[in-house]
Amino acid sequence: MKRTHTCGELTDAHIGQEVVLFGWVHNRRDHGGAVFIDLRDREGLTQVVFEPDIAPEAHELAGSLRLEYCVGIRGKVVSRGANVNPKMKTGAIEVKANALTIFNRSEAAPFPIEDHIDTNEEKRLQYRYLDLRRRPLQQSLMTRSRMNALTRAYMVENGFLELETPFMGKYTPGGARNFLVPSRLNPGKLYALAESPQLYKQLFMVAGFERYFQIVKCFRDEDLRVDRQPEFTQVDVEMSFVSQDDVFSVIEGLLQRLWKECLGVDIPTPFMRMEYDESMAKYGNDKPDLRFGLEHVVLTDLVRKHGAAGGVPMLWEAVEAGGIVKALVVPSEKALSRAESDKLEEIAKGMGAKGLARAKVGEGGEWTQSPLSKTISPALRADINEAVGAKPGDLVLFQFGREAVVHTVMANLRLHLGKKLGYIPEYGSGGQWRFLWVVNPPLFEYDEESKTWVAAHHAFTRPHDEDLPHLGTDPGRVKCYRYDVVLNGFEVGGGSIRLHDPKVQAEVFRALGISDEDARAKFGFLLDALKFGAPPHGGIALGMDRLAFLLTGAESLRDVIPFPKTKTGTDLMTGAPGDVDERQLRELHVRAVPPPQPK
RNA sequence: GGGGAGUUAGUUCAGCUGGUUAGAACGCCGGCCUGUCACGCCGGAGGUCAGGGGUUCAAGUCCCCUACUCCUCGCCA
């Protein structure tokens with residue numbers, strides 16, 4: 001038997017043809033007389049019918065078929081007449097079988113191979129090859145394959161070279177924790193798995209390749225999230241002689257192409273741009289979900305203006321201590337029950353908040369149900385009402401205190417409310433694709449622990465020229481050419497224009513408190529490279545897993561990765577990471593030190 | 001590293017204030033059935049209640065520890 005068609009393509013145009021299909025038994029309905037089989041391959045489902053008077057041997061054998069048997073059938077495509085199944089793409093026809101070959105029988109699967117199942121993920125990951133038989137996962141991975149092909153085509157069309165970089169490199173400090181690989185040939189030395197090809201791609205620019213891209217795995221040994229895996233795929237891009245706008249238009253063109261070809265959706269370009277500071281103020285993070293409002297309002301200055309006279313020591317003291325005050329409004333038409341609003345407080349506390357001050361706005365702008373309402377001065381209350389645009393019946397939520405905590409709590413409250421209040425449209429309902437660039441973040445962040453300024457992203461990002469004078473005096477003021485592309489609340493990519501001027505580079509290191517010797521020891525090869533006529537350059541990396549996750553509407557990043565790891569970085573199918581024997585460790589000059597046994 | 005949820009037939013779950021032999025649906029096995037497509041009907045098998053310890057006359061149920069999974073904060077230039 002030689003396969004002639006797939007299970008997804010037969011229509012009434014094929015009626016009368018003799019066909020051969022290979023696939024898996026997706027469902028069976030045995031009437032004793034007629035036996036119906038839904039045959040499945042990656043392209044779809046086709047109903048096959050075995051009848052005793054057509055092919056007695058095949059019919060007899062068909063009686064022994066069970067779910068997930070791998071089989072081949074030969075037969076004639078016939079119309080289903082009055083029995084058309086409108087739910088099936090191939091529902092107009094069926095194949096009347098005259099021959100059946102069983103390639104392989106199957107044990108009963110540990111969970112049903114159906115589009116929608118409730119089986120817990122642990123079980124599904126253990127039998128990943130069976131989970132991957134399910135149509136939603138097959139389609140996600142087929143879409144992902146298409147995204148890869150489209151990306152390569154687009155990049156090559158635009159003059160980019162696909163160049164490879166090593167996974168095993170030298171550990172460089174900063175950034176994510178690296179996975180380390182011991183070297184057998186170099187006792188006691190270790191490679192670091194690349195957390196990204198960052199330094200190599202800059203060296204490609206120094207080497208004069210001008211436009212580089214790569215669809216490449218990256219490795220980061222950090223705690224995992226629903227949108228984070230220890231190994232993940234980036235579309236890595238670097239360009240010479242470009243401005244930020246040049247990078248943006250290349251990436252916008254790529255994303256536009258992907259959405260058009262994979263979903264038939266036209267996404268408008270250029271994307272909206274938002275200042276980093278604005279994003280933090282209105283949304284509490286640098287990856288705002290713009291599909292709904294519920295924006296934060298910063299009240300810090302207002303509270304400071306009223307000072308102690310505002311009547312609310314909590315707020316005033318928070319501001320005095322260098323903190324901030326933020327509010328967001330739950331509109332009256334989405335009124336929360338007392339229990340729901342208490343639940344919000346629980347959520348806020350879970351994220352480090354001390355509490356969640358609330359105020360219900362009355363007809364005359366007065367506040368009720370609030371610890372703030374008793375002592376607040378009418379003037380401050382009126383100013384706040386005006387600033388947040390509160391209407392009677394609205395509920396105003398407040399956070400105040402340390403900036404980082406307030407932003408985190410408020411950002412998560414906003415997202416929680418967005419979902420809870422139904423502001424986020426379902427995937428497939430026409431959807432909304434709110435792409436934007438978040439631009440001009442600060443170059444440095446103050447690290448409370450070490451009491452020093454640290455690079456907010458990496459130490460090779462180009463500062464704004466007009467901020468250069470502040471490098472030595474007020475590092476927090478220095479903004480840089482760093483940008484993130486954000487979609488619906490997910491950072492799907494980020495990059496920067498790089499520093500190519502060794503003089504400015506030296507100033508940045510100085511501001512970071514990195515000595516010349518340190519810099520040399522850590523990044524010597526890059527610093528050397530920049531001295532040999534390095535071109536101005538910049539680039540970006542897109543998170544391919546996240547793009548596929550968002551584009552396909554998957555529930556989890558794990559659904560667009562064929563063999564994902566669990567939350568704790570284990571592979572439940574293979575058992576990785578696993579033990580190796582003593583001899584292997586000796587060869588690597590490595591000794592395992594087991595953690596202390598709990599008592 | 002912190003906080004939270006969960007773990008009972010192959011699967012999804014129920015199992016109340018502790019009380020005889022732990023149930024249901026689907027799946028599986030056997031039988032019947034020629035137009036089903038969530039096929040139908042009859043019968044059957046299937047459980048270390050995650051693991052360990054404790055309280056109790058008695059534990060799936062209460063307490064403690066451990067493991068694993070998920071969510072979340074920190075972390076992720």
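Nothing here was measured: the structure is a model prediction, and the numbers come from that model. Residue numbering restarts at 1 for every chain, and letters A, B, ... go by the order of the sequence lines.
With distances taken from any side-chain atom of Pro52(A) to the nucleotides rC71(B), rG27(B), rU34(B), the minimum falls on rU34(B). Residue Glu222(A) has its side chain nearest to rC75(B) when only rG74(B), rU34(B), rC75(B) are considered. Checking rC75(B), rG27(B), rC37(B) against the side-chain heavy atoms of Asn85(A) singles out rC37(B) as nearest. The side chain of Arg80(A) lies closest to rG35(B), out of rC75(B), rC73(B), rG35(B).
Judged by centroid separation below 5.5 Å and plane tilt below 30°, Phe111(A) does not stack onto the base of rU11(B). Stacking between His31(A) and the base of rU36(B) is absent under the criterion of ring centres within 5.5 Å and planes under 30 degrees.
Note: CZ (Arg29(A)) to P (rC41(B)) measures 16 Å, nearest angstrom. Met351(A) has its CE atom 15 Å from the P atom of rC75(B), to the nearest Å. Put simply, CZ on Arg546(A) is 14 Å from P on rC76(B), counting in whole angstrom units. With rounding to whole Å, Asp30(A) atom CG is found 10 Å from rC33(B) atom P. As a whole-Å value, the separation of Lys567(A) NZ from rC75(B) P is 15 Å. As a whole-Å value, the separation of Leu130(A) CG from rG10(B) P is 17 Å. One interatomic measurement links the two molecules: NE2 of His416(A) to C1' of rC73(B), which rounds to 16 Å at whole-angstrom precision. Counting to the nearest Å, the P atom of rU12(B) and the CD atom of Glu122(A) are 10 Å from each other.
Heavy atoms from other residues, nucleotides or ligands lying under 6.0 Å from CH2 of Trp437(A) number more than 12. For Asp579(A), the CG atom sits in a loose shell: 12 or fewer heavy atoms of surrounding residues, nucleotides or ligands are nearer than 6.0 Å.
No hydrogens or angles were tested; on distance alone, nothing pairs the side chain of Arg220(A) with the base of rC76(B) as donor and acceptor under 3.5 Å. Checked by distance alone, Arg28(A) brings no side-chain donor or acceptor within 3.5 Å of a matching partner on the base of rC39(B). Residue side chain Asp223(A) reaches the base of rG74(B) through a donor-acceptor N/O pair under 3.5 Å, judged by distance alone. Between the base of rG10(B) and the side chain of Glu107(A) there is no donor-acceptor pair shorter than 3.5 Å. Counting distance only, with no hydrogens placed and no angle test, the side-chain atoms of Lys96(A) and the base atoms of rG35(B) include a donor-acceptor pair under 3.5 Å.
One finds a side-chain N or O of Asn27(A) lying less than 4.0 angstrom from the OP1 or OP2 phosphate oxygen of rC39(B). Between Lys87(A) and the phosphate of rC37(B), there is no side-chain N or O to OP1/OP2 separation shorter than 4.0 Å. Checking the phosphate oxygens (OP1, OP2) of rU69(B), a side-chain nitrogen or oxygen of Thr566(A) falls inside 4.0 Å. The shortest distance between the side-chain N/O atoms of Arg558(A) and the OP1/OP2 oxygens of rC71(B) is below 4.0 Å. For rU69(B), one of the phosphate oxygens OP1 or OP2 lies less than 4.0 angstrom from a side-chain nitrogen or oxygen of Thr568(A). Remark: Arg66(A) is in phosphate contact with rC29(B), judged by side-chain N or O atoms under 4.0 Å from OP1 or OP2. Asn412(A) has no side-chain polar atom (N or O) that falls below the 4.0 Å cut-off from OP1 or OP2 of rU72(B).
Projected onto RNA chain B by closest heavy-atom contact, Thr119(A) and Asp53(A) fall at different nucleotides, the more 5' of which corresponds to Thr119(A). Nearest-nucleotide assignment on RNA chain B puts the 5′-proximal partner with Gln47(A), out of Gln47(A) and Arg482(A).
Defined by atom type and a distance below 3.5 Å, a donor-acceptor pair is missing between the side-chain atoms of Ser556(A) and Asp559(A). Judged purely by distance below 3.5 Å, without hydrogens or angles, the side chains of Gln202(A) and Gln198(A) pair a donor atom with an acceptor atom. Side-chain polar atoms of Asn440(A) and Glu275(A) form a donor-acceptor pair below 3.5 angstrom. Judged purely by distance below 3.5 Å, without hydrogens or angles, the side chains of His59(A) and Glu51(A) never pair a donor atom with an acceptor atom.
Lys349(A) comes within 4.0 angstrom of nothing in the nucleic acid, heavy atoms only. Among the atoms of the strands shown, base atoms are found under 4.0 Å from some heavy atom of Ser196(A). Val226(A) comes within 4.0 angstrom of sugar-phosphate atoms only, judged by non-hydrogen atoms across all strands, and of no base. Contact annotation for Gln198(A): base contact, defined as any heavy-atom pair under 4.0 Å involving a base atom. Residue-level contact check: Leu224(A) touches neither bases nor backbone, having no heavy atom under 4.0 Å from any strand. Contact annotation for Gln126(A): no contact, since no heavy-atom pair falls under 4.0 Å across all strands. Asn83(A) comes within 4.0 angstrom of a base, heavy atoms only.
Between rC62(B) and rG18(B), the two C1' atoms lie 8 Å apart (nearest whole Å). The P atoms of rG19(B) and rU66(B) are separated by 28 Å, rounded to the nearest whole Å. One P atom belongs to rC29(B), the other to rC73(B), and the distance between them is 45 Å to the nearest Å. Comparing rG43(B) with rU8(B), their P atoms sit 29 Å apart, to the nearest whole Å. For the P atoms, the distance from rC28(B) to rU12(B) is 16 Å, rounded to whole Å. rC26(B) and rC37(B) have their P atoms separated by 15 Å, with the value rounded to a whole Å. Of the P atoms belonging to rG23(B) and rC49(B), the separation is 14 Å, rounded to the nearest Å. A gap of 23 Å separates the P atoms of rG52(B) and rG46(B), to the nearest Å.
In this pair, Phe219(A) and Phe179(A) present their aromatic rings perpendicular. The plane angle is above 60°, beyond the 30 to 60° band. Relative orientation of the His458(A) and Phe460(A) rings is tilted, given thresholds of 30° and 60° on the angle between their planes.
Under the Watson-Crick or G-U wobble criterion, with both distances below 3.5 Å, rU34(B) is left unpaired in every strand shown. Both distances falling under 3.5 Å, in either a Watson-Crick or a G-U wobble arrangement, occur for no nucleotide opposite rA14(B). Nucleotide rC75(B) forms no Watson-Crick or G-U wobble pair with any nucleotide shown, as no partner meets the under 3.5 Å limit on both distances. Across all strands shown, rC29(B) forms a Watson-Crick or G-U wobble pair with rG43(B), both key distances being under 3.5 Å. Judged by Watson-Crick or G-U wobble contacts below 3.5 Å, the nucleotide rU56(B) has no partner. Nucleotide rA9(B) forms a pair with no other nucleotide shown, judged by Watson-Crick or G-U wobble geometry with both contacts under 3.5 Å.
A distance of 14.5 Å separates CG in Asp484(A) from CZ in Phe490(A), rounded to the nearest 0.5 Å.
Gln505(A) places a side-chain N or O within 3.5 Å of a backbone atom of Ala459(A) that can act as its donor or acceptor partner.
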